[in-house]
Every structure is written in structure tokens, then in C-alpha cells.
Asks: 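Mind having a look at this structure? Questions to follow.
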Amino acid sequence: MKILVTGGMGYIGSHTVIELINRGNEVIIADNLSNSKKSVLDIVEAITGKRPEFYEIDVADKAELEVIFKAHAIDAAIHFAGLKAVGESVSMPLEYYKNNIMSTIALLECMKAYGCKAFIFSSSATVYGDPAVLPITEDFPLSATNPYGATKLMIERILTDFQYANKDFSVTLLRYFNPIGAHPSGLIGEDPNGIPNNLVPLVIKAAKGERVLSVYGRDYSTPDGTGVRDYIHVCDLADGHIGALKNADKPGVYIYNLGTGNGFSVLEIINAFEQVNKVKVPYVFAERRPGDIAACYADCGKAEREIGFRASRGIEEMCRDAWNFAKSM
Ligand code: NAD
Ligand code: UD1
């Protein structure tokens with residue numbers, strides 16, 4: 001298939017691009033490099049032997065996007081492009097709404113105009129808010145507690161409404177849990193601009209001796225009192241998109257959780273990281289982080305039944321690959 005990958009230079013996008021190329025698809029990337037680097041193309045080429053065509057554009061700019069649709073008969077679009085930092089979204093709500101919503105609308109308008117009928121969207125487990133019970137299934141109630149989460153919910157709604165009005169269209173909403181890890185080559189991984197907020201990039205900084213990790217909260221109602229999340233290897237997540245392409249020629253709206261179905265606490269992550277990589281992760285206990293929930297993990301049965309997706313990489317592999325990439329940086 002010929003697939004447009006917006007945000008394909010970013011963390012999850014680049015790993016998915018590699019998997020798409022490895023499976024014989026032709027990939028076209030649209031990215032404005034606001035949170036990624038052009039050197040990703042060299043790495044993708046080194047790993048796959050193929051250099052995807054790259055357009056450095058703002059996906060929210062419909063005229064720029066249209067150039068791609070004019071030049072290529074695109075079969076499906078995978079829409080990763082977006083701003084994703086929760087804290088930043090609270091202080092810069094307009095930038096988040098504008099970037100995330102407008103890029104989606106511009107993409108939909110181009111797809112409709114040029115007859116491209118399959119849309120795969122990077123949603124997030126954040127749309128479940130603070131779930132009443134676990135594990136989370138796709139029919140749980142949805143809510144948002146910050147502008148970032150609100151954009152995900154809104155885009156899910158826009159895509160669902162668009163599909164209702166365009167019955168031959170296929171929409172797949174992928175709700176990612178906590179992606180971590182890196183490509184096993186060690187050549188590519190998570191390389192955030194600025195100070196990271198997520199646990200594993202901060203574990204890495206602590207292991208490198210750059211800072212001490214703060215463990216946010218030790219009094220949650222979890223087995224060891226620290227927060228529990230469903231961490232998924234970014235290469236498994238990439239495989240989930242290959243699965244989602246099975247819906248490309250089936251009109252409708254499909255929603256899947258992409259996680260492993262297992263929850264790990266902050267202390268379990270630190271321990272696994274230390275053991276598998278033979279490094280020390282210095283940490284202190286700190287106050288709970290505002291807005292955090294105690295525990296969150298997925299029921300991934302629907303993705304397995306409908307698109308044959310099942311994560312295969314364990315927590316040790318996630319920690320090993322994350323460090324393998326990070327220590328080369
Ligand atoms: P990332 O920042 O590494 O990648 C996003 C890419 O999109 C970047 O390369 C950035 O330059 C590009 N981009 C942003 N706005 C753009 C625009 N208007 N036009 C063109 N390019 C644009 O982030 P990621 O972790 O790879 O996340 C990808 C998607 O998955 C995002 O939509 C994010 O919200 C979603 N998601 C991520 C996580 C996570 O933990 N990483 C969890 C759930 C959902
Ligand atoms: C965050 C985002 C969420 C996004 C998800 C995946 C918030 C409030 N939510 O969720 O929208 O979908 O990432 O990208 O930011 N922790 C520490 N110390 C740290 C950092 C984190 O103890 O320095 C703990 C957290 O309290 C949590 C766990 O580690 O229990 C995971 O945190 P993080 O990686 O930020 O992900 P989420 O909180 O799940």
C-alpha cells in the first residue's frame with residue numbers, strides 16, 4: 001500500500017515507518033520537524049535499505065498537504081502529527097487545539113477531495129480519564145482533564161462524525177497506553193526536545209547521572225504504593241498499526257486499546273531497568289504529581305480478536321532497548 005504517515009519523523013511514527021517499509025509498503029512522510037530531526041531519514045534508510053519520500057510541511061496547512069495528494073495516490077493515512085506534552089498543553093491551550101485539531105481537519109479534507117478512504121489515528125489512554133475499574137475496555141466512559149486529552153477526545157469525535165457522513169470511509173482509533181523502548185538496532189528511539197516528562201526518559205537521565213529521579217507518590221492504592229501503568233514496547237505499538245491496516249478497506253469506525261494488558265509500578269520499572277542494564281537509577285520519593293491516577297492498564301482482547309494484535313515484548317526488553325539507544329546519545 002501507499003501510506004501517508006504524518007508525524008513520521010517522531011518517536012512512534014519513525015518506528016512505524018520502519019515496520020511499514022519492512023512489510024513492503026511505500027511510505028510518504030509529512031512532518032514539520034517541530035519535535036524531530038531530519039537525520040531520522042538516514043536512520044530509517046540504514047535500517048530498511050529504503051529512504052521514504054519526505055515533505056517538510058505543517059500538516060495543518062491544507063495547501064501544502066494537497067501537494068502530496070496531487071503527487072501520490074495515497075491508500076491510507078496514519079496520523080501521528082500532533083503536540084503531546086500534557087503540562088505544556090495546560091499553559092499553551094490554543095497552540096494545542098490549533099495544531100492538533102486543524103491538522104486533522106486539513107488531512108480529512110484532502111483525503112475526501114482525493115478519494116483516500118482509510119484513516120488511522122494516534123489516540124491515547126488519556127481519553128479514559130481516571131477509570132473506575134481495571135482493566136480498561138474500549139467501551140469505558142471517556143473524559144479529559146487537560147487540553148491535550150481534550151484534543152484527542154475531540155479528534156475521535158470529529159473522525160466518528162466524518163465517518164457517519166462518509167459511509168465508505170474507514171476510521172481506526174488506536175488508544176496507546178505507555179509506549180517506551182526503542183528499535184533493537186539502538187539506532188533510533190525516543191529523543192525528546194527539551195526536558196522530558198515521562199517516566200522512562202527520566203529514568204535514563206538518572207541512570208546517566210544527570211539527575212535524581214523523583215518517584216511521584218508512594219501512597220497510591222497499588223501493591224507497592226507507586227503508580228501503575230501499561231508500558232508497551234514501541235516496536236509492538238508499530239506492529240499494532242500494521243494490524244490496523246487490515247481495516248483499511250472496511251468502512252466503519254474501529255477502536256482498539258494498544259497495550260500489553262499488564263501493569264507495572266514505578267518501582268518495578270526502576271528495578272527492571274537496573275537489573276537488565278546493570279546500572280543504578282538514583283531516586284527519591286516525592287509528592288504525587290497533580291493529575292496523575294493510581295493505575296491504568298488495558299484489556300487488549302478486542303485488538304487481538306479483530307486485528308490479530310498482541311504485544312510480544314516484555315518489560316526487560318523494553319528497558320534494555322531504551323538504554324541501548326540512550327547510552328549512545
Ligand atoms: P513525537 O513528538 O515524537 O512525534 C510527533 C511528530 O509530529 C513530530 O515529529 C513532530 O515534529 C510532528 N508534528 C507535530 N505537529 C505537526 C504538524 N502540525 N505538522 C507536521 N508535523 C507535525 O510524538 P510521539 O510520541 O511519536 O507521538 C505520536 C502521536 O501519538 C501523537 O499524536 C501523540 O499524541 C500520540 N500518543 C503518544 C503517546 C506517547 O506516550 N508517546 C501516547 C499516546 C498517544
Ligand atoms: C502521561 C500523560 C498521558 C499520556 C501518557 C503517555 C500526564 C498527566 N499524562 O501519562 O496523557 O497519554 O503519558 O505518553 O502527563 N513518574 C514518576 N516520576 C517521574 C515521571 C513519572 O514517578 O519523573 C510516574 C508517574 O507518576 C506515573 C508513571 O511514572 O505513575 C508514568 O508516568 P508518565 O510516563 O508521565 O506517563 P502517564 O502518567 O501514564
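Counting starts at 1 for both ligands and their atoms, following the listed order.
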Asks: I need the atoms of ligand 1 closer than 4.0 Å to a non-hydrogen atom of L33, numbered in the order shown.
Replies: 11 (O)
Asks: Quick check on Y231 - does any of its heavy atoms sit under 4.0 Å from an atom of ligand 2?
Replies: yes
Asks: So that I can tick it off, tell me whether D239 and R23 are bridged by a salt bridge, with the cut-off set at under 4.0 angstrom between side-chain N and carboxylate O.
Replies: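 Yes, charged N to carboxylate O under 4.0 Å.
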Asks: Which atoms of ligand 1 have any heavy atom of S122 under 4.0 Å away?
Replies: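 Matching atoms, with element in brackets: 29 (C), 30 (O), 32 (O), 35 (C).
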Asks: Taking only heavy atoms of I57, which atoms of ligand 1 are found under 4.0 Å from at least one of them?
Replies: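 With I57 as reference, the close atoms of ligand 1 come out as 19 (N), 20 (C).
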Asks: I'd like the name of whichever of V266, V86, V228, I180 reaches closest to atom 29 (O) of ligand 2 through any heavy atom.
Replies: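 Nearest heavy atom to atom 29 (O) of ligand 2 lies in V266.
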Asks: Parallel, tilted or perpendicular for Y176 and F80, by the 30°/60° rule?
Replies: tilted
Asks: Could you tell me, atom by atom, which parts of ligand 1 come under 4.0 Å of a heavy atom of V59?
Replies: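 In order of numbering, the contacting atoms are 17 (C), 18 (N), 19 (N), 20 (C).
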Asks: Name the closest protein heavy atom to atom 10 (O) of ligand 2, giving the residue it belongs to and the distance to 0.1 Å.
Replies: N178 ND2, 4.3 Å
Asks: Tell me whether R175 reaches ligand 1 (any heavy atom closer than 4.0 angstrom to a ligand atom).
Replies: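 No, R175 has no heavy atoms under 4.0 Å from ligand 1.
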Asks: Is ligand 1 under 4.0 Å from a heavy atom in the side chain of K152, in the backbone, in both, or in neither?
Replies: side chain
Asks: Under 4.0 Å, counting heavy atoms only: does S14 come that close to any atom of ligand 1?
Replies: no
Asks: Are any of the N or O atoms of I12 closer than 3.5 Å to those of ligand 1?
Replies: yes
Asks: For ligand 1, does S123 get within less than 4.0 Å through its side chain, its backbone, both, or neither, judged by non-hydrogen atoms?
Replies: backbone
Asks: Suppose we measure from atom 35 (O) of ligand 2 to each protein heavy atom; which comes out shortest, and what is that distance?
Replies: R289 NH2, 2.7 Å
Asks: Salt bridge check, K117 against D249: does any charged N sit closer than 4.0 Å to a carboxylate O?
Replies: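 Answer for the salt bridge query: no.
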Asks: Are any of the N/O atoms in S124 less than 3.5 Å from those in ligand 1?
Replies: no
Asks: Short N/O distance, under 3.5 Å, between L83 and ligand 1?
Replies: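 N/O-N/O distance under 3.5 Å: no.
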Asks: Give me the one residue out of T222, D224, N271 that meets side-chain hydrogen bond (donor to acceptor under 3.5 Å, both in side chains) with S265.
Replies: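 Answer after filtering T222, D224, N271: D224.
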Asks: Parallel, tilted or perpendicular: which describes the rings of H183 and H15, with under 30° parallel and over 60° perpendicular?
Replies: tilted
Asks: Taking the inter-plane angle between the rings of F121 and F119 on a 0 to 90° scale, is it parallel (under 30°), tilted (30 to 60°) or perpendicular (over 60°)?
Replies: tilted
Asks: Please check whether S103 reaches ligand 1 - meaning an N/O of the residue sits under 3.5 Å from an N/O of the ligand, judged on distance alone.
Replies: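 No - when backbone and side-chain N and O of S103 are compared with those of ligand 1, no distance drops under 3.5 Å.
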Asks: Compute whether any side-chain donor of one residue and acceptor of the other, for E66 and Y114, lie under 3.5 angstrom apart.
Replies: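 Y114 and E66 do have a side-chain donor-acceptor pair below 3.5 Å.
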Asks: Strictly under 4.0 Å, does any heavy atom of Y148 approach an atom of ligand 2?
Replies: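 Contact present.
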Asks: Ignoring angles and geometry beyond distance, decide whether S34 reaches within less than 3.5 Å of ligand 1 through its nitrogen or oxygen atoms.
Replies: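 The answer is yes, given that S34 and ligand 1 share an N or O pair closer than 3.5 Å.
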Asks: From atom 20 (C) of ligand 1, work out which of N178, N32, N198, T16 has a heavy atom at the shortest distance.
Replies: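 Among N178, N32, N198, T16, the closest heavy atom to atom 20 (C) of ligand 1 comes from N32.
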Asks: Looking at atom 29 (C) of ligand 1, what's its closest protein heavy atom, distance included?
Replies: F80 O, 3.3 Å
Asks: Suppose we measure from atom 14 (C) of ligand 1 to each protein heavy atom; which comes out shortest, and what is that distance?
Replies: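 Result: G82 N, 3.3 Å.
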Asks: Determine whether any heavy atom of T6 lies closer than 4.0 Å to an atom of ligand 1.
Replies: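 T6 does not count as a contact of ligand 1 under the 4.0 Å cut-off.
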Asks: Got an N/O contact under 3.5 Å between N99 and ligand 1?
Replies: yes
Asks: Considering only the protein, which heavy-atom contact is closest to atom 23 (O) of ligand 2, and what is its distance?
Replies: L202 CD1, 3.2 Å
Asks: Can you tell which of Y11, Y148, Y96, Y176 gets a heavy atom nearest to atom 34 (O) of ligand 1?
Replies: Y148
Asks: Numbering the atoms of ligand 1 from 1, which are under 4.0 Å from a heavy atom of D58?
Replies: 17 (C), 18 (N), 19 (N)
Asks: My understanding is that only one of N262, T260, N257 makes a side-chain hydrogen bond (donor to acceptor under 3.5 Å, both in side chains) with D230; could you say which?
Replies: T260
